[in-house]
Amino acid sequence: MRFFPFVFALLPTLALSALAQAKQRPPNVVIIFTDDQGYADVGVFGAKGYTTPNLDRMAREGRRFTDFHVAQAVCSASRAALLTGCYSNRIGMHGALGPGSKTGIAGGELTIAEMLKAQGYATAIFGKWHLGDRPQFLPTKHGFDEYFGIPYSGDMWPFHPAAKPGAYPPLPLFEGDQPIKVGLTPEDQEQLTTQYAEHAVSFIARNKERPFFLYVTPNQPHVPLFVSAKFKGKSGAGLYGDAIMEIDWAVGEILGALKKNGVDENTLVIFSTDNGPWLSYGNHAGSAGPLREGKGTAFDGGQRVPFIARWPGKIPADSVCPEPAMTIDLLPTLAKLTGGKLPEHKIDGLDIWPLLAGDSSAKNPHEAYYFYYGVNELQAVRSGDWKLFFPHKARSMQGQEPGKDGIPGKYKALPVGLELYNLSDDLGETRNVAAENPEVVQRLQVLAEKARENLGDSLTKRVGTGTREPGRWVPPAGQ
Ligand code: MG
């Protein structure tokens, strides 16, 4: 008799604690990060000739950022910044790493995956990695429990029409830390987007009872373009449109799996891409819409990317954020949302949750963003609506013979001087207003000088005091 009152007394406590636990359960995080998709290559961002119904629905159910940037407009550097919250050049990462690269992401950096794994998250990457393919650089050494995908870009393979004979070894496909096939064929590449989606759906189903971090990185629409049979000719807008539509389908599969497994309400899903369109590929490149130039430049066509965030009940549906933001801000934002611990070393990103949550009074917390490219060239600085370029050599396809069907055209060199643009009334960076605004030029020069002191700048031959070394591959004894 004395037992029952005890149980009944305990029941409300148990129920309350379950409720508290459910409330306290941190959100799942899904980041879908495609490759070389232009700013205007999503329906709601202005895509023409094909449709992206799932991404458009995601935008209707979430929040679209119209001024979101990557840290550098090239694959490896961009991905390094996203995962570590640091400017890529702070951590010694630049360019696009080739097969067998002797550098890669350093063991001492903290990735989003490592931060969330320490919080008890299941973690996975399905897609292209591109932060080093030596064993010490692979995703499984940097916080990911599971990996299925290619270690670098799909064009770094012997079959790429633009590759010199013998330039690239056979392309491997990894599962975990082992290649499960070496020497992918065109037919294999056709299946990759679908296979990444299938792995993502399975991962969600297997981990629905615990928090998870899922990083899906299709290597499309980076050249060479491939789609599975179900998307060949589907868009009516050529192979590029087909590739985007298959990515859109994959997004639909992932969102569907979240619903089916009952975790939709507790999952933050982010969609973006690692840099703007690779314009030299002509009809196999995307579009930056009204923005200037594309991949491999510090103009907005290279740096500004489509960005959609969705979290039912937490992020306002059908909303638009016009404030600037950058990939480096995601790690500290996720730290705040999940209780994750920031590293002791310096990072560059800042929490932008108020912008994601739709706080209409929220402003971007940075005084400036810095656009580096190449081996540590500070090419531009952005503060508020102003963007100041420093003298450097860019590249352009303006007036050049366009590439076609997977064969690239040739860029011409584009000399850039000290040029100031006001993005609020000149989105396409067409009118240099430096002469009329000397005080703005001066203010942005001072900001740039701060970056040079800390991060260095090879254009002005400065060495920064705050940079760290990349990971370096040490050959095993005897090699
Ligand atoms: Mg890319």
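What you see below is based on every heavy atom in this structure, not just the backbone, and it leaves out hydrogens, waters and symmetry mates. Order of listing sets the numbers, starting from 1, for every ligand and every atom in it.
Here the N, O or S atom of D36 that is nearest to the Mg ion (ligand 1) is OD1.
The aromatic ring centroids of F174 and F148 lie 6.0 Å or more from each other. Here the two rings, on F137 and H142, have centers that are 6.0 Å apart or farther.
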ask   = Stepwise, does the salt bridge (charged side-chain N to carboxylate O under 4.0 Å, His left out) test hold for D351 with K336?
value = CA-CA 7 Å; D351 171 22; K336 176 192 173 148; 3.4 Å; yes

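Residue Y240 holds its OH atom at 9.5 Å from CD of Q220, rounded to the nearest 0.5 Å.
The nearest N, O or S atom of S78 is not closer to the Mg ion (ligand 1) than 2.8 Å.
An angle of 160° is found at the Mg ion (ligand 1) between D35 atom OD1 and N275 atom OD1, rounded to 10°. To the nearest 10 degrees, the angle centred on the Mg ion (ligand 1) between OD1 in D274 and SG in C75 reads 140°.
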